[in-house]
Amino acid sequence: MDKFSFRIGDMEVRSCGDFLLSGGEHVRAEIIVWQRDGKEFCYTIAYWKKTKESYDLLFVGDRPFRANKDIFWKLAEQGQEMLGRKMKDKKQRKKK
């Protein structure tokens, strides 16, 4: 999967590896929140898990409910669209 990243304010949707790492092959995506406390760091609030038919968005506890809901929803839509396109492209390549 091609790497992708969209950031709005302190929230971002980005592709990542199996264990939500930014290095290596990107096979899923996550929504993160960036914070600054002397240095910048981030934490995951939701991530996508691949199923046979699509990608499911899973929440990390109640973190999405504590985030800006408008921004979260925009990032969730962007992430779902990107992952859906990747899955569709992969299925079309297999048919050839």
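What you see below is based on every heavy atom in this structure, not just the backbone, and it leaves out hydrogens, waters and symmetry mates.
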Just to verify, what does [X] make a side-chain contact (heavy atoms from CB on, under 4.5 Å) with, not counting sequence neighbours?
X	result
Lys49	Arg28, Leu58
Asp10	Val33
Lys50	Tyr55, Met87, Lys90

Let me confirm one number: the [atom1]-[atom2] distance from [X] to [Y], rounded to the nearest 0.5 Å.
X	Y	atom1	atom2	result
Ile31	Lys74	CD1	NZ	13.5 Å
Glu30	Thr44	CD	OG1	4.0 Å
Lys86	Phe4	NZ	CZ	8.0 Å

Residue list, side-chain hydrogen bond (donor to acceptor under 3.5 Å, both in side chains) with Glu77, at least two apart or on another chain
Trp73
Which residues pass the side-chain hydrogen bond (donor to acceptor under 3.5 Å, both in side chains) test with Gln80, sequence neighbours left out?
Trp48
Output all residues satisfying salt bridge (Lys or Arg N to Asp or Glu O under 4.0 Å) with [X], sequence neighbours left out; order by chain, then residue number.
X	result
Arg63	none
Glu40	Arg7, Arg36
Asp62	Arg66

Minimum heavy-atom separation for Ile45 to Pro64, with atom names?
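Reported closest heavy-atom pair: O-CG, 3.2 Å.
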Return the minimal non-hydrogen interatomic distance between Ile71 and Asn68, and the atom names on each side.
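Heavy-atom minimum between the residues: N-OD1, 3.0 Å.
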Contacts of type ring pair (Phe, Tyr, Trp, His ring centres under 6.0 Å), residue Phe59, not counting sequence neighbours:
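Expected list: Phe65, Phe72.
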Under 4.5 Å between side-chain heavy atoms, counting indirect links through other Ile/Leu/Val/Met/Phe/Trp/Tyr residues: same cluster for Met11 and Leu57 or not?
yes
If Ile, Leu, Val, Met, Phe, Trp and Tyr residues are connected whenever their side-chain heavy atoms lie under 4.5 Å apart, and connections chain through other members, are Ile8 and Phe6 in the same group?
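Same cluster: Ile8 reaches Phe6 through Ile, Leu, Val, Met, Phe, Trp or Tyr contacts under 4.5 Å.
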I'd like to know if the side chain of Ser5 and the backbone of Arg14 have a donor-acceptor N/O pair within less than 3.5 Å.
no
